[in-house]
Amino acid sequence: MSCEHELLATLRRFVAETVGPALRESSEPSVDRKEFLGRMGEMGLFGLNIPRRYGGLEADPISILRVMEELSRGWMCLPSVLGSHMRAAPYILAQGTEKQRAEWLPALARGESIWAHGYGERRLEDSSTMGTNIVMVNGAYRLNGQKDWVTNALESERIVVVARFQERPVAVVVNPARADVTLQDLERPGMKGVSLCRVSFQDYELDPEWDIVGGPEGDVSDVLRQSHGPKALAFAARAVGATKSALEACREITQSRVGQRPLHPVAQHRWGRIVVQWQASKAIYESALAGQSSPAAAKVFCAESMREILEQAVAMLGGDGYAHPLGTLERLYRDALSLTVAGGTSDRHFTQIAAETQLEF
Ligand SMILES: Cc1cc2nc3c(=O)[nH]c(=O)nc-3n(C[C@H](O)[C@H](O)[C@H](O)COP(=O)(O)OP(=O)(O)OC[C@H]3O[C@@H](n4cnc5c(N)ncnc54)[C@H](O)[C@@H]3O)c2cc1C
């Protein structure tokens with residue numbers, strides 16, 4: 001068995017034997033997230049995208065997506081924590097000085113501390129319209145601005161913030177515990193097992209050689225450009241994994257009704273719709289993994305399908321779909337919305353796909 005196969009087998013056991021039962025037994029806010037993250041650290045998941053020479057697993061891109069899928073099948077919050085943490089390494093690998101790589105990458109790989117990634121801002125088109133910026137005041141480098149949604153921010157030891165400096169995007173490693181950083185926890189309908197914050201910087205003084213990835217001459221334009229495809233696929237993987245767990249819950253609830261009134265033909269018709277939507281979702285995802293469909297199309301289709309499948313499931317199962325002791329569908333229903341927004345809204349993806357596609361039938 002290859003390393004990746006072994007890892008996936010261990011992960012499947014972890015999800016089936018630990019994550020699933022914990023979410024059934026406790027309400028979501030009281031689930032012991034720390035234990036899960038500790039196990040994920042033991043499996044080396046925090047170093048999936050870090051080279052072996054820095055202590056990472058250096059997994060191939062497809063294996064990373066399969067990991068995201070499996071984790072999401074257990075609890076969507078887990079790949080969210082991991083995905084945000086993993087956004088740090090590409091900046092450091094591509095642009096970091098050897099000193100920065102040697103300091104940060106092994107710690108990131110071990111998952112000793114969780115990191116976060118701050119890019120998104122309101123009204124942001126691309127990095128040229130970014131409000132968060134670095135200015136030099138009397139020879140000191142100061143970071144100002146606000147990142148409106150940062151996953152993991154409350155638990156993170158460091159946040160990699162993308163900011164504008166002399167008309168270039170640079171990545172800055174920020175310590176969120178400092179007094180010149182403000183974190184505001186945000187209310188939201190789902191994804192309750194991971195923090196989401198507005199993070200603002202008020203004249204945060206930087207050591208340019210140490211805090212700016214690659215120093216003051218750094219430029220992460222290429223890293224940002226290259227991140228679009230892998231990021232879209234990672235969101236698609238999360239949607240596919242979570243949809244599997246929705247289908248499993250539908251089946252379990254339906255089977256528990258055996259001996260009672262069978263599913264009404266209209267409910268069966270809805271199940272048929274769910275199955276078709278799932279098959280289409282899985283097909284576009286696998287085709288994107290094989291490089292035959294666009295990652296953006298897979299992201300938007302899988303995320304929208306998950307949301308639609310959950311709506312069908314509620315309609316099909318009635319009260320059992322909306323509220324059931326199992327709790328899975330209710331949780332996924334709330335969490336699904338996040339995938340249609342995070343990583344770029346569905347509208348943005350549809351617009352981009354339309355602009356890039358020549359209609360040929
Ligand atoms: C749960 C969650 C976690 C997140 N975590 C992080 C994180 O860790 N780090 C981070 O940096 N960000 C994070 N984000 C931010 C996320 O990436 C952005 O919210 C997302 O990219 C959408 O950007 P926006 O909110 O500015 O909406 P906009 O892009 O402004 O879109 C809003 C709406 O405006 C319209 N619109 C705007 N522009 C276009 C266009 N070009 N084409 C078509 N329609 C358009 C559409 O109707 C669109 O749906 C997170 C968001 C969520 C919901």
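Ligands are counted one by one from 1 in listed order, and the atoms in each one are counted from 1 as well. Only this structure's heavy atoms are used, side chains among them; waters, hydrogens and symmetry mates stay out.
Ser338 and Asp335 share no side-chain donor-acceptor pair at under 3.5 Å. Side chains of Glu103 and Trp210: no donor on one and acceptor on the other come within 3.5 Å.
Shown here, atom 25 (O) of ligand 1 is in close reach of the protein: a heavy atom of it lies under 4.0 Å off. Protein heavy atoms all stay at least 4.0 Å away from atom 33 (C) of ligand 1.
Interface of Thr151 with ligand 1, defined as ligand atoms under 4.0 Å from a residue heavy atom, comprises 3 (C), 4 (C), 5 (N), 6 (C), 7 (C), 8 (O). Taking every heavy atom of Gly344 and a limit of under 4.0 angstrom, the matching atoms of ligand 1 come to 20 (C), 21 (O). Against a heavy-atom cut-off of under 4.0 Å, Gly343 is close to the following atoms of ligand 1: 17 (O). Close contacts between ligand 1 and Tyr119 involve ligand atoms 10 (C), 11 (O) [criterion: under 4.0 Å to a heavy atom]. In the vicinity of Thr351, heavy-atom distances shorter than 4.0 Å reach the ligand 1 atoms 42 (N), 43 (C).
Closest heavy-atom contact between Glu205 and Asp211: O-OD2, 4.4 Å. Heavy-atom minimum distance, Glu157 versus Ser113: OE1-CB, 3.2 Å. Between Phe201 and Gln146, the shortest heavy-atom distance links the atoms CD1-N, 4.4 Å. For the residue pair Glu121 and Trp149, the shortest heavy atom distance occurs at C-CZ3, 3.8 Å.
Environment of CZ in Arg273: sparse, with no more than 12 heavy atoms of neighbouring residues, nucleotides or ligands closer than 6.0 Å. Annotation: Arg178, atom CZ; neighbour count of heavy atoms from other residues, nucleotides and ligands within 6.0 Å is above 12.
Remark: among candidates Ser80, Ala153, Gly120, the nearest residue to atom 11 (O) of ligand 1 is Gly120, based on non-hydrogen atoms. The nearest non-hydrogen atom to atom 12 (N) of ligand 1, considering only Trp149, Phe235, Phe350, comes from Trp149. Heavy-atom proximity to atom 16 (C) of ligand 1, evaluated over Pro189, Ala342, Ala354, Ser346, is greatest for Ala342.
Remark: distances from the non-hydrogen atoms of Arg348 to ligand 1 include one below 4.0 Å. Under a 4.0 angstrom heavy-atom cut-off, Leu196 registers as being in contact with ligand 1.
Aromatic pair Tyr285/Phe301: centroids not less than 6.0 angstrom apart.
In this structure, the protein non-hydrogen atom closest to atom 48 (C) of ligand 1 is Thr345 OG1, 3.4 Å. Nearest protein heavy-atom neighbour of atom 20 (C) of ligand 1: Val341 O, 3.3 Å. Nearest protein neighbour of atom 9 (N) of ligand 1, counting heavy atoms only, is His117 O, 2.8 Å.
Annotation: Asp347 places an N or O atom under 3.5 Å from an N or O atom of ligand 1; distance criterion only.
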Before giving the answer on side chain to side chain donor-acceptor pair (under 3.5 Å), spell out for Asp203 and Asn144 the whole-Å C-alpha distance, their side-chain angles and the decisive distance to 0.1 Å. CA-CA 5 Å; Asp203 280 331; Asn144 279 288; 2.9 Å; yes
